[in-house]
There are 4 protein chains.
Amino acid sequence: MGKTRKRSAILAVASRLFAEKGYANTPTSEIAREAGVAEGTLYHHFDSKDGIFLSIFNETVDGYIAGVENLIGRGKNGRESLLDLIRHHFDYLRAHEAQFLTILRESPERIGRRKTASSAVRRKKLSRLTGQMTEILERGSADGSLLLRYSARDTAEMLRGILYGTTRHRMLGIIDVPLPRLAEMLTDFCRHALTPPPKGRAERHGGEKH
Amino acid sequence: MGKTRKRSAILAVASRLFAEKGYANTPTSEIAREAGVAEGTLYHHFDSKDGIFLSIFNETVDGYIAGVENLIGRGKNGRESLLDLIRHHFDYLRAHEAQFLTILRESPERIGRRKTASSAVRRKKLSRLTGQMTEILERGSADGSLLLRYSARDTAEMLRGILYGTTRHRMLGIIDVPLPRLAEMLTDFCRHALTPPPKGRAERHGGEKH
Amino acid sequence: MGKTRKRSAILAVASRLFAEKGYANTPTSEIAREAGVAEGTLYHHFDSKDGIFLSIFNETVDGYIAGVENLIGRGKNGRESLLDLIRHHFDYLRAHEAQFLTILRESPERIGRRKTASSAVRRKKLSRLTGQMTEILERGSADGSLLLRYSARDTAEMLRGILYGTTRHRMLGIIDVPLPRLAEMLTDFCRHALTPPPKGRAERHGGEKH
Amino acid sequence: MGKTRKRSAILAVASRLFAEKGYANTPTSEIAREAGVAEGTLYHHFDSKDGIFLSIFNETVDGYIAGVENLIGRGKNGRESLLDLIRHHFDYLRAHEAQFLTILRESPERIGRRKTASSAVRRKKLSRLTGQMTEILERGSADGSLLLRYSARDTAEMLRGILYGTTRHRMLGIIDVPLPRLAEMLTDFCRHALTPPPKGRAERHGGEKH
DNA sequence: AATGAATGAGAATTCATTCAT
DNA sequence: GATGAATGAATTCTCATTCAT
């Protein structure tokens, strides 16, 4: 309890500062000052500045993944699970805004090219996510509630990019659509793009010329 | 010619390095060395390291916007213009990979929160882009070639996020779908999400229960 | 017993680590961890990190000096005492390798220039050693078993340097001669350099031309 | 010329400070201050603090080795070359006191255990020295001017240790014999230990009992 | 006696930028 | 325009030591 109070304070402050100013522009001295601890204390709880980021990443992504796991386990059909996923995405986002922003901002630096031991772990977590989404899409394809025009895997990857990009622009203030509205639009967008035609009517799409 | 050879060399090298290692992890000394100029020379051509990034950003985004302007001017209907836009996006991307990656990586640092004079300029350019997309969507809505379920502006913003996110994940190697395939999928996805129902048939969507 | 078990563990671990990595490169945290005690416990048994070194130094040098005292007390002639001293040196070395290495490595830092209270104590112990060696040489000179060409004091100082340097190079792996062989060589070397000419023959050395 | 003035100043100051207080106890800030340059300037001329030590080591040892090479080339007999070597040792020492002390103090840290690329280079230089001394002893053994009771290599290693140890104790003020006197004593010591018996007289040594 | 979380004064190093040549 | 030596502020990290429990 008391033992981890400072640790949590550090993580909370760091999330906020990283989100606001970026990892590289946030000196450890500022984290310490705002968290009300000595600078050395950071290094009592974390290996390095990078270790602080790593903890934020892990705790946030683990929670996100657990949430998805949970909704998958509910056994709804693919289409409903997909909608649940989008809902979960935006709910979780709200509850962990600073953490999300931090991760959004820093992914290329810390997940991108450089192949380090811990970046491999991070990549793995993220690909776990793609795996979960693939699972949902496959279920929908099997139970007829979703119509995939591409492989489930490819579609899942695209969806991840879509969620990422819209979320990011929204959180960075690059676009103005309010978050709930964005969630609604994306839900709708996916529904239309992935919905099979109502029964009893032929899909006419193939006949189009383009 | 001779006057700008070193300038171009600097920009080319900087784009590559920023893309590979990130802005913050690329010392000016390395840019100078790889470009084959003295470190001081950087400061004859640019105000600062930030100025180098700024030039990459401006030249790249200006070219992109000009391309969109161009395709809008061709006077095709909204739907076709939208497809042209996606095509243009991926074409331009291919031709300016390093520059795009640089911008992708650094936007939050340099465009995000902090309101400086030059970040305002950059934001403006980006919002010009949203304006162009809005224009295309409005045209499609007016000429019946596109069906918007939300305002053209909101839809445009969402589309920008979608393009950004998928492009980024692809370029950072976070997802595996090859670029041309991704372009195809997105084209298809948008077509389904924004296509009006074939004439003579009522849109049944509204009747669904969900 | 139980009272000093942790103290001994600390000294043993510290000797080993100081010998392996050097005093400055051995954090107290590592000593504590390897000794299986808490970091604060170090400070119950010793005043400071320096105090740990001091204890190693004192205990080791005291034992060494006691051994010399002992062999001097046996009342052999000077020559034999000198050979006993060399033997004792290498025997003691073997039994206290880590401690010796620690002292070898750190002497200049902690015994050298800086005149502190405790460094004076240490210097005094070392000069006690020179005193003992001087005593042996004087005895040999008096009883005719050794031939000194310089004052006993000067010769003793030189011998100390000789023992120190060869021992050190050997322990640091700078030279390859095995320890027993080195002991033999030094014994022999001293014997030839300090041996009086066989009785009944004039020392011809003075007549040489060089 | 002017280009290297600051570099030399840094090396001179660093030698002095390392010799006085030890490498680990000399902050780079102090080197910079005393050398009259900015701290960053150190890193313009050297890779790291370690690089400064490395330069001192290399320049000093290279000069020493060149001197030995030189005296070997004079073609004197082994015995005289050995005496020249001792003379050269003490001459060079006088001319590079601070550098020698620095190297004396820091060898274990920087040459000892840890096998790094540059420590291998340093070890190699030092073993070159042993090689040179071996060469001299072999020559003396061949031309009859020296009597070796052990292999030339082993004797050379022992001699190196002897020179090292006595020099070191002298320079650290652990012993009081003045430098010239020490040189004389060592010369004499070696002469007696390695001198063949005058012609026409049998070596009686083997007959002794001990 | 024992613990270990917390401290904070330093340490080495980096790097964008300047300026005399 | 071009150079590159020099700068010094800023940054991350280390670690001996303390002290409340």
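Residue numbers begin at 1 in each chain, while the letters A, B, ... track the order of the sequences. Since the structure is predicted, the reported quantities are computational estimates derived from the model, not experimental observations.
Following rounding to the nearest Å, Arg33(A) (CZ) and dA10(F) (P) show an atom-to-atom distance of 13 Å. Distance Leu42(B) CG to dA16(E) C1': 10 Å, rounded to the nearest Å. Rounded to whole Å, atom C1' of dA11(E) lies 16 Å from atom CG of Leu17(D). When rounded to the nearest whole Å, the span between NZ of Lys21(B) and P of dT14(E) equals 12 Å. Rounded to a whole Å, the CZ atom of Phe18(B) is 12 Å from the C1' atom of dA16(E). Note: CD1 (Ile31(B)) to P (dA2(F)) measures 17 Å, nearest angstrom. Atom CD1 in Ile52(D) sits roughly 11 Å away from atom C1' in dA12(E) (whole-Å rounding). In this entry the distance linking CZ of Phe46(B) with P of dA2(F) reads 12 Å, nearest Å.
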Listed pairs under 3.5 Å, donor-acceptor, residues 53-61 of chain C side chains, sequence neighbours left out:
from: Ser55(C); atom 1: OG; to: Gly51(C); atom 2: O; distance (Å): 3.1
from: Asn58(C); atom 1: ND2; to: Leu54(C); atom 2: O; distance (Å): 3.4
from: Glu59(C); atom 1: OE2; to: Arg7(C); atom 2: NH1; distance (Å): 3.3
from: Thr60(C); atom 1: OG1; to: Ile56(C); atom 2: O; distance (Å): 2.7

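Here salt bridge (Lys or Arg N to Asp or Glu O under 4.0 Å) pairs that include residues 33-42 of chain D, with residues two or more places apart or in two chains, are Arg16(D)-Glu34(D).
A donor-acceptor pair under 3.5 Å is formed between the side chain of Thr102(A) and the backbone N or O of Ser15(A).
The side-chain hydrogen bond (donor to acceptor under 3.5 Å, both in side chains) check on Tyr64(D) picks up His89(D), with sequence neighbours excluded. Listed by chain and residue number, Lys125(D) satisfy the salt bridge (Lys or Arg N to Asp or Glu O under 4.0 Å) test with Asp62(D) (two or more places apart in sequence, or in another chain).
Using a 4.0 Å cut-off, no side-chain N or O of His44(B) falls inside it from OP1 or OP2 of dT3(F). Phosphate proximity of dG4(E) to Lys6(A): absent, as no side-chain N or O sits under 4.0 Å from OP1 or OP2.
Taking each heavy atom of Glu106(B) and Tyr23(B) in turn, the nearest pair found is OE2-N, 3.0 Å. The two residues Thr26(C) and Gly22(C) make their nearest non-hydrogen contact at OG1-O, 2.7 Å.
Residues Gly36(C) and Gly36(A) both approach DNA chain E. Their nearest nucleotides, taken by heavy-atom distance, put Gly36(C) toward the 5′ side.
Going from atom NZ of Lys49(C) over to atom OG1 of Thr28(C) covers 7.0 Å, rounded to the nearest 0.5 Å. Within the model, atoms CG of Leu42(C) and CD1 of Ile52(C) stand 5.0 Å from one another, a figure rounded to the nearest 0.5 Å.
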If you restrict it to nitrogen or oxygen atoms, what contacts under 3.5 Å exist between nucleotides 13-15 of chain F and the protein, and what is each distance?
from: dC13(F); atom 1: OP2; to: Tyr43(A); atom 2: OH; distance (Å): 2.9
from: dC13(F); atom 1: OP2; to: Lys49(A); atom 2: N; distance (Å): 2.9

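Helical stems in DNA chain F, defined as runs of 3 or more consecutive Watson-Crick or G-U wobble pairs with donor-acceptor distances under 3.5 Å: E:2-21 with F:2-21.
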